[in-house]
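A short worksheet on the structure shown next.
Protein chains get the first letters and strands the later ones, always in sequence-line order, with residue 1 at the start of each.
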2 protein chains.
Amino acid sequence: MEEATKLLKEKGINPSIQRIKIFKSLLGNCDHPTAKDIYKRISKEIPTLSKTTVYNTVKLFSDRGILQTIRGKEGEARYDTKAALHPHFRCKKCGNLYDLDKKLIVKDKEKIDGHLIEEKYVCYSGICKNCR
Amino acid sequence: MEEATKLLKEKGINPSIQRIKIFKSLLGNCDHPTAKDIYKRISKEIPTLSKTTVYNTVKLFSDRGILQTIRGKEGEARYDTKAALHPHFRCKKCGNLYDLDKKLIVKDKEKIDGHLIEEKYVCYSGICKNCR
DNA sequence: TTCTCTGCAAACGCTTTGCACGGAT
DNA sequence: ATCCGTGCAAAGCGTTTGCAGAGAA
């Protein structure tokens with residue numbers, strides 16, 4: 001059995017062809033696709049694919065802890081199989097989102113991977129004191 | 001002249017009543033309001049206020065470097081007069097966004113300000129190597 | 001006059017919802 | 001028969017755009 005298929009089954013997800021392809025699309029690409037990106041890629045192979053299925057599937061994956069949703073510059077959802085583990089770098093010009101090494105320690109105004117860093121934004125999440 | 005009015009003028013912004021109130025609303029509240037939040041607050045005082053004006057104004061403020069746009073969990077725009085300077089803490093339960101002290105160094109799973117931190121997300125931005 | 005500001009209405013883009021069809025069990 | 005996965009169509013929601021009226025310079 002294929003690796004992707006096996007992983008889905010392990011998570012209790014019925015491995016339909018759509019789900020396998022969407023999962024592979026997330027695994028195989030180091031970018032952070034939007035629903036539209038995923039739809040465009042896979043509808044070449046499955047012409048009847050609908051965006052609803054893409055949204056259904058990423059929602060399912062998210063519920064099962066397979067992927068994380070991160071927000072792009074314009075607020076569109078982007079999906080990443082390992083978003084919580086590493087920092088990102090977003091280009092203010094082209095809007096691309098790059099992965100950075102988790103262990104990297106970055107100082108202000110420093111260049112890293114050839115990118116010129118101008119700002120750093122940190123957001124922690126968890127349960128606040130009022131909700132505990 | 002009022003402080004808020006003076007600050008707007010310094011930035012070359014004509015201090016209309018709407019702009020002053022929106023600016024004050026951002027300064028005076030330590031939360032990070034959405035356009036809707038701002039609209040709801042100020043339309044109590046200015047019943048004819050339109051959401052368009054709120055959007056126009058935050059866009060203007062953003063262009064002049066007065067505020068930063070940060071993205072909420074659901075992707076809605078939230079506005080902060082000093083977002084780039086400090087990290088945030090977002091509660092996974094209630095969705096509230098809290099300011100954290102910039103100088104704080106936070107380790108994983110640590111409690112801070114009484115909040116229980118579960119995840120840390122870092123995003124750098126600037127100009128990528130392909131755009132330079 | 002011209003320029004700026006405002007705000008209604010409509011459009012737009014991303015995402016969700018309702019529902020019905022088809023296939024598997 | 002039920003349950004599940006899919007996908008069309010429509011709705012929902014935040015945001016932007018087009019445009020016109022009012023007011024300031």
Side-chain angles (χ1 to χ4, degrees), chain A residues 4-5 8-9 11-26 32-64 66-80 95 97, chain B residues 4-5 8-9 11-26 32-64 66-80 95 97:
Chain A
T5 311
L8 289 181
K9 284 203 170 183
K11 292 280 182 177
I13 294 171
N14 193 9
S16 73
I17 180 68
Q18 287 87 347
R19 287 170 179 173
I20 292 170
K21 292 222 177 273
I22 290 169
F23 186 45
K24 280 184 171 179
S25 170
L26 284 159
H32 310 83
T34 61
K36 193 178 169 186
D37 294 334
I38 297 171
Y39 174 77
K40 280 203 284 187
R41 281 176 202 160
I42 299 175
S43 59
K44 284 175 190 160
E45 303 170 62
I46 308 176
T48 59
L49 182 75
S50 85
K51 275 189 185 165
T52 305
T53 298
V54 176
Y55 283 112
N56 286 341
T57 304
V58 294
K59 174 81 166 50
L60 177 68
F61 287 178
S62 175
D63 290 345
R64 301 296 168 92
I66 287 179
L67 66 80
Q68 307 264 347
T69 302
I70 47 182
R71 292 284 165 177
K73 199 179 183 178
E74 319 309 344
E76 359 73 82
R78 292 181 172 271
Y79 306 102
D80 191 332
L97 199 61
Chain B
T5 310
L8 289 180
K9 283 203 172 185
K11 292 280 181 175
I13 294 173
N14 193 9
S16 72
I17 180 66
Q18 289 88 344
R19 287 169 180 174
I20 291 170
K21 293 223 176 271
I22 291 170
F23 186 45
K24 279 184 171 179
S25 170
L26 284 160
H32 310 82
T34 61
K36 194 179 169 185
D37 294 334
I38 298 171
Y39 174 76
K40 280 204 285 188
R41 281 177 201 159
I42 299 175
S43 58
K44 285 174 189 160
E45 304 170 61
I46 308 177
T48 59
L49 182 74
S50 85
K51 275 188 185 165
T52 305
T53 298
V54 176
Y55 283 112
N56 285 342
T57 304
V58 293
K59 174 81 167 50
L60 176 68
F61 287 179
S62 174
D63 291 345
R64 301 295 169 95
I66 287 180
L67 65 81
Q68 306 266 346
T69 302
I70 48 183
R71 291 285 166 178
K73 199 179 183 179
E74 317 305 335
E76 358 75 80
R78 291 180 173 272
Y79 307 102
D80 191 333
L97 200 61

- Compare every heavy atom of B:I22 with every heavy atom of B:T53, then report the nearest pair and how far apart it is. O-CD1, 4.3 Å

- Any idea which heavy atoms bring B:G12 and B:R64 closest together, and the distance? O-NH1, 3.2 Å

- Task: Nearest whole angstrom, please: distance from the P of C:dC14 to the OH of A:Y79.
- Result: 11 Å

- Task: Starting at atom CD1 of B:I22, determine the distance to atom P of C:dC5, rounded to an integer number of angstrom.
- Result: 13 Å

- Query: Of A:D80, A:L60, A:V58, which meets side-chain contact (heavy atoms from CB on, under 4.5 Å) against A:L67?
  - Reply: A:V58

- Task: Starting at NZ of A:K51, measure out to NZ of A:K40 and round the result to the nearest 0.5 Å.
- Result: 9.0 Å

- Note on the structure: Rounding to 0.5 Å, atoms CG (A:D63) and NZ (A:K11) come to a distance of 12.0 Å

- Query: Between B:I20 and B:P15, which heavy-atom pair has the shortest distance, and what is it?
  - Reply: CD1-O, 3.5 Å

- Item | Between the first and last five pairs of the helix from C:dT1-D:dA25 to C:dT25-D:dA1, the angle of the axes, rounded to 10 degrees | 0°

- Item | Inter-residue atom distance B:R78.CZ - B:R71.CZ, 0.5 Å rounding | 11.5 Å

- Task: Can you see which heavy atom on B:Y79 is nearest to which on B:A35, and at what distance?
- Result: CE1-N, 3.8 Å

- Query: In Å and rounded to the nearest 0.5 Å, what is the CZ to CD1 distance from B:F23 to B:I38?
  - Reply: 12.0 Å

- Message: Does the protein touch nucleotides 19-25 of chain C at the base, only the backbone, or not at all? Give it as B, S and - per nucleotide, heavy atoms under 4.0 Å.
- Response: -------

- Query: What is the 5' to 3' range of DNA chain D, first to last nucleotide, that sits under 4.0 Å from any heavy atom of chain B?
  - Reply: D:dG14 to D:dT17

- Sorted by number, the residues of residues 47-60 of chain A with heavy-atom contact under 4.0 Å to DNA chain D: A:T48, A:L49, A:S50, A:T52, A:T53, A:N56

- Contact summary for B:L26 and B:F61, nearest pair of heavy atoms: CD1-CD1, 4.2 Å

- Item | Atom-pair distance (NZ on A:K36; P on C:dG13), nearest Å | 8 Å

- Query: Is B:I66 close to B:I13 at the side-chain level, that is, under 4.5 Å between some pair of heavy atoms?
  - Reply: yes

- Query: What pairs with B:D37 under side chain to side chain donor-acceptor pair (under 3.5 Å), at least two apart in sequence or on another chain?
  - Reply: B:T34

- Inter-residue atom distance B:K24.NZ - B:T5.OG1, 0.5 Å rounding: 6.5 Å

- Query: Between residues 11-20 of chain A and DNA chain D, which residues have a heavy-atom gap below 4.0 Å?
  - Reply: A:N14, A:S16, A:Q18, A:R19

- Nearest heavy atoms of A:L49 and A:S43, plus distance in Å: CD2-N, 4.1 Å

- Given the rule in the side chain to side chain contact (heavy atoms under 4.5 Å, CB included) test, do B:Q18 and B:I42 qualify, once you have shown the distances and angles that lead to the verdict? CA-CA 8 Å; B:Q18 289 88 344; B:I42 299 175; over 6 Å; no

